[in-house]
Protein chains: 4
Amino acid sequence: MSARMVGTMDGTKQQRRGNTRQRIQDVALDLFAQQGYEKTSLREIAESLDVTKAALYYHFKTKEEILVSIFDDLTQPILDLTEWGKQQPHTLETKQEIVRRYSEILAGAAPLFRFMQENQAAVRELRVGETFKDRMQGLREIIVDPDAALVDQIRSVSAIFTLHAGMFFIQDLDATPEEKRKAVLEVATDMVTQAHQRTKAT
Amino acid sequence: MSARMVGTMDGTKQQRRGNTRQRIQDVALDLFAQQGYEKTSLREIAESLDVTKAALYYHFKTKEEILVSIFDDLTQPILDLTEWGKQQPHTLETKQEIVRRYSEILAGAAPLFRFMQENQAAVRELRVGETFKDRMQGLREIIVDPDAALVDQIRSVSAIFTLHAGMFFIQDLDATPEEKRKAVLEVATDMVTQAHQRTKAT
Amino acid sequence: MSARMVGTMDGTKQQRRGNTRQRIQDVALDLFAQQGYEKTSLREIAESLDVTKAALYYHFKTKEEILVSIFDDLTQPILDLTEWGKQQPHTLETKQEIVRRYSEILAGAAPLFRFMQENQAAVRELRVGETFKDRMQGLREIIVDPDAALVDQIRSVSAIFTLHAGMFFIQDLDATPEEKRKAVLEVATDMVTQAHQRTKAT
Amino acid sequence: MSARMVGTMDGTKQQRRGNTRQRIQDVALDLFAQQGYEKTSLREIAESLDVTKAALYYHFKTKEEILVSIFDDLTQPILDLTEWGKQQPHTLETKQEIVRRYSEILAGAAPLFRFMQENQAAVRELRVGETFKDRMQGLREIIVDPDAALVDQIRSVSAIFTLHAGMFFIQDLDATPEEKRKAVLEVATDMVTQAHQRTKAT
DNA sequence: GATGAATGAGTATTCATTCAT
DNA sequence: AATGAATGAATACTCATTCAT
């Protein structure tokens with residue numbers, strides 16, 4: 001269920017060698033995503049792992065740092081994508097490719113993005129809040145043409161939101177996850193395309 | 001900043017007539033929206049109003065009930081809109097009108113909707129969580145055509161999501177709030193229109 | 001169910017003329033007996049009667065005073081009995097008569113005595129605690145012969161305790177309440193008789 | 001005064017090794033017995049021990065659990081006695097032995113039994129309430145002959161109550177505690193004997 | 001690489017009581 | 001004869017964090 005698989009080849013209890021840090025991150029992310037950041041207590045995380053709270057403090061300085069560490073690991077791809085995007089010409093093809101790759105990133109770390117979406121208030125005063133905003137801002141600067149009409153700027157931004165929405169608000173639609181992801185991507189691509197073309201048509 | 005203004009014409013402290021209940025709701029909504037539901041304590045609300053915590057309990061049975069009361073008051077318009085929508089033919093014009101009116105409802109109770117958006121995790125296990133889901137579901141059933149292609153269903157849902165996102169994620173764009181609202185509405189209308197027309201074209 | 005019946009001949013809501021004080025006492029005693037003194041809140045009493053807490057304060061100065069008023073009304077018979085007993089010769093017949101009459105008093109105000117028995121800790125630091133002790137002490141002085149052997153003194157005290165216990169700890173025995181009361185009375189009388197006779201035999 | 005002594009040979013404050021749990025139980029029982037369960041707050045217990053309230057929660061999950069733990073430790077002997085009694089023939093000698101041993105158990109955990117007696121109302125809705133009832137029921141089944149006349153059944157039950165009463169309602173009689181315990185035991189034994197013989201005489 | 005024991009600050013909630021109307 | 005509005009003090013309980021071992 002978790003973002004990163006923890007190889008537990010043998011069912012023995014003695015698998016906890018050097019991987020405790022990872023296990024904490026995995027369990028924490030699952031709980032954060034399910035119940036929210038504030039509602040998830042360190043006691044809960046510790047009990048889920050069958051270690052003491054103090055053990056968490058051996059690996060992380062604070063509760064926030066657990067989140068930060070997960071976040072940093074899992075949002076690195078956004079940075080990479082932005083970096084790549086900046087070096088490309090601002091063509092339609094680039095934008096479409098960004099949208100496509102972003103869709104993959106989202107799918108690859110769904111619990112984290114779900115968490116970020118559903119805990120904006122809690123996350124706002126945490127360091128990750130700012131960082132996330134910055135990373136998203138980076139993406140925006142590539143996708144949104146500052147010379148475009150307001151409507152088209154919004155169309156571009158909305159393309160990204162559509163991807164986000166697609167991850168969580170569409171679960172009841174009647175299709176396989178993969179079909180849905182494809183369809184969402186198509187809609188988002190479409191929006192970014194329309195925005196681009198209308199701008200160039202001016 | 002609050003949804004409903006509490007006229008305090010005179011600065012005197014002795015204005016505590018019958019309006020305390022309202023004042024609690026107003027202050028609570030502001031704080032919930034700013035800091036999140038969990039992070040906002042009853043102590044904080046009470047201190048903001050210069051009353052004791054016990055006074056809050058005279059007016060509301062629990063913390064949750066404060067939220068519920070605000071929510072019930074402020075989301076009634078969605079119910080009304082859905083009711084109206086159900087009685088209309090499922091034409092393009094109806095859908096556009098729904099989008100337009102929904103945009104107005106959103107603008108009219110912005111702090112609440114911002115709160116709901118940013119506190120989904122916290123709200124999920126509260127009664128308002130379910131209720132909100134239900135109310136949104138009602139809207140969806142009018143706007144989304146079950147016979148439409150998957151992409152077009154997504155386009156419709158995304159239109160609504162765009163309206164929501166538009167309220168909070170677009171603040172840095174360079175335009176007045178009213179211009180932005182108009183533009184967001186235009187994009188959303190456009191999406192719903194495309195979804196409708198593509199479906200009918202089949 | 002309550003100690004004193006409140007004539008509610010008509011089912012109308014308007015029966016609350018001058019009897020509110022009484023109704024408070026009745027409801028309070030029932031709740032005190034069921035849940036204990038500490039666990040019964042004035043809110044609960046008020047809600048049971050469909051009046052406000054403040055109304056209770058119109059009739060009684062404090063929570064304790066509600067209990068005191070009930071207690072004073074209902075334990076008067078013990079005082080009367082003691083008064084009567086003092087004027088009698090300390091014969092066996094007198095003691096037996098005391099036991100018999102006390103059994104009736106107990107049966108006539110069962111909820112109060114149950115309450116006193118089950119809430120000794122709570123009642124100890126209330127005025128009624130002291131008062132009750134005093135009243136029981138009065139009875140004891142008549143029934144217990146100071147010249148009797150220790151065992152026989154205990155036998156006498158235990159007779160009274162048997163009456164008390166008989167009211168509540170014997171509910172599962174297979175007999176009608178009236179049969180049980182009679183049987184308990186017989187045992188108690190027997191104990192007091194044995195105590196008396198052994199003493200006189202010396 | 002407490003049931004179990006906590007050896008604090010040195011008066012130093014730094015004795016907090018592994019005995020905190022025990023100290024909590026001891027202090028709690030003393031306070032519960034003195035003031036009642038409801039009236040005794042965790043703050044009070046904590047302050048008596050010079051630790052914080054949170055420390056109590058490290059050792060016990062709830063206030064009730066403190067009581068349960070004390071209760072379980074201290075009423076185990078009743079279970080043992082019942083177990084023993086079940087394996088014996090239901091002779092007079094067995095019943096007398098049961099009464100004798102029960103008297104010792106009572107004396108050995110006087111504060112707890114005093115507490116149970118004086119806090120029946122409070123204890124009724126706690127787990128210990130049910131458990132205690134069950135344990136007493138076990139004893140009763142051995143001592144009370146179901147074929148005996150109602151009076152004799154009551155006589156047997158009353159024997160047990162006499163033991164209880166003996167612990168608390170006889171403090172003002174003029175004799176040493178040990179003398180009193182002996183005398184109470186004699187009375188109780190007598191009652192059980194009479195009940196037994198009358199039944200067999202039939 | 002962890003635990004056992006504890007803390008300080010906080011939380012939502014409840015209670016008996018007051019008082020102007 | 002009673003209410004509406006409020007208070008001050010308390011309660012059981014939780015949390016993130018610390019630190020000696």
Side-chain angles (χ1 to χ4, degrees), chain A residues 16-21 24 37-46 49-66, chain B residues 14 16-21 24 38-46 49-66, chain C residues 16-21 24 37-46 49-66, chain D residues 14 16-21 24 38-46 49-66:
Chain A
R16 59 173 61 146
R17 263 188 313 278
N19 58 342
T20 301
R21 201 188 135 93
I24 293 172
Y37 179 76
E38 314 273 9
K39 270 254 170 177
T40 302
S41 70
L42 295 186
R43 175 172 61 66
E44 225 173 338
I45 298 176
L49 288 164
D50 216 39
V51 295
T52 62
K53 269 184 291 171
L56 306 183
Y57 278 89
Y58 177 80
H59 294 282
F60 300 95
K61 268 213 284 285
T62 63
K63 182 184 180 186
E64 182 171 356
E65 221 207 41
I66 299 181
Chain B
Q14 236 26 355
R16 60 175 56 140
R17 271 182 311 273
N19 58 339
T20 304
R21 201 189 136 93
I24 294 172
E38 314 271 10
K39 271 256 170 178
T40 302
S41 71
L42 295 186
R43 178 178 55 68
E44 226 173 337
I45 298 176
L49 288 165
D50 213 38
V51 295
T52 61
K53 270 181 291 169
L56 306 184
Y57 279 91
Y58 176 76
H59 293 282
F60 300 94
K61 270 212 282 286
T62 61
K63 182 183 179 185
E64 182 171 356
E65 221 209 40
I66 299 182
Chain C
R16 59 174 62 147
R17 262 188 314 280
N19 59 341
T20 302
R21 200 187 136 93
I24 294 172
Y37 179 75
E38 314 273 10
K39 270 254 170 177
T40 301
S41 70
L42 294 186
R43 176 172 59 66
E44 227 173 336
I45 298 176
L49 288 165
D50 216 39
V51 297
T52 62
K53 270 183 292 171
L56 306 184
Y57 279 89
Y58 176 80
H59 293 283
F60 299 95
K61 269 213 283 286
T62 63
K63 182 184 180 185
E64 181 171 357
E65 221 208 41
I66 299 182
Chain D
Q14 235 27 354
R16 61 174 56 139
R17 271 182 311 273
N19 59 339
T20 303
R21 200 189 136 93
I24 293 172
E38 315 271 12
K39 271 256 170 177
T40 302
S41 72
L42 295 185
R43 178 179 55 67
E44 225 173 338
I45 298 176
L49 288 165
D50 213 38
V51 296
T52 60
K53 271 180 291 169
L56 306 184
Y57 279 91
Y58 176 76
H59 293 283
F60 300 94
K61 271 211 282 284
T62 62
K63 182 183 179 184
E64 182 171 356
E65 221 208 41
I66 299 182

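Note that these values count all heavy atoms, side chains included, but never hydrogens, waters or copies made by symmetry. Residue numbers begin at 1 in each chain, while the letters A, B, ... track the order of the sequences.
The nearest heavy atom of DNA chain F to D:Glu64 and to A:Thr62 marks one nucleotide each, and the one closer to the 5' end goes with D:Glu64. Across the interface with DNA chain E, nearest-nucleotide mapping of D:Ala55 and A:Thr52 shows A:Thr52 to be the residue nearer the 5′ end. Nearest-nucleotide assignment on DNA chain F puts the 5′-proximal partner with B:Arg21, out of D:Lys39 and B:Arg21.
Rounding to whole angstrom units, CG of residue A:Leu56 and C1' of F:dT18 are separated by 14 Å. In this structure, D:Ile66 places its CD1 atom 11 Å from C1' of F:dA12, rounding to the nearest Å. Rounded to whole Å, the distance from CG on B:Leu42 to C1' on E:dA9 is 17 Å. The distance between atom CD1 of A:Ile45 and atom C1' of F:dT14, rounded to the nearest whole Å, is 15 Å. Taking atom NZ on A:Lys53 and atom P on F:dC19, their separation rounds to 15 Å, with Å as the unit. Atoms CD (C:Glu38) and P (F:dA10) sit 15 Å apart, rounded to a whole Å. Whole-Å rounding puts the B:Asp50 CG to F:dA5 P distance at 18 Å. What separates CG of D:Asn19 from P of E:dG4 is a distance of 17 Å, to the nearest Å.
Between the side chain of B:Lys63 and the base of E:dT13 there is no donor-acceptor pair of N/O atoms closer than 3.5 Å.
Here the side chain of A:Val51 is nearest to one of F:dT14, E:dA12, E:dT3, namely E:dT3. Across F:dA12, F:dT17, E:dT17, the shortest atom-to-atom separation from the side chain of D:Ser41 is found for F:dA12. Considering only the side chain of D:Ala54, F:dC15 comes nearest among F:dC15, E:dC15, E:dT11. Side-chain proximity of A:Tyr57 to the nucleotides F:dA16, F:dC13, E:dA16 is greatest for F:dA16.
B:Thr20 has a side-chain polar atom (N or O) that falls below the 4.0 Å cut-off from OP1 or OP2 of F:dA6. Checking the phosphate oxygens (OP1, OP2) of E:dG4, no side-chain nitrogen or oxygen of D:His59 falls inside 4.0 Å. OP1 and OP2 of F:dA2 both lie 4.0 Å or more from every side-chain N or O belonging to C:Tyr58. In this model, the phosphate group of F:dA12 is not approached by any side-chain N or O of D:Arg43 to a distance below 4.0 Å at OP1 or OP2.
When both distances must be under 3.5 Å, the Watson-Crick or G-U wobble mate of E:dT11 is F:dA12. Under the Watson-Crick or G-U wobble criterion, with both distances below 3.5 Å, F:dA20 is paired with E:dT3.
For the pair B:Tyr58 and B:Arg21, the minimum side-chain heavy-atom distance is 4.5 Å or more. Inter-residue side-chain proximity for A:Leu42 and A:Tyr57 is flagged as met; some heavy-atom pair is nearer than 4.5 Å.
Looking only at distances, no side-chain donor or acceptor of A:Glu44 sits under 3.5 Å from a matching main-chain atom of A:Thr40. In this structure, B:Lys39 contributes its side chain and A:Glu38 its backbone to no donor-acceptor pair below 3.5 Å. A distance-only check finds a donor-acceptor pair linking the side chain of A:Lys63 to the backbone of A:Tyr37 [under 3.5 Å].
Tested against C:Ile24 for a side-chain contact (heavy atoms from CB on, under 4.5 Å), the candidates C:Val51, C:Ile66, C:Asn19 yield a single pass: C:Ile66.
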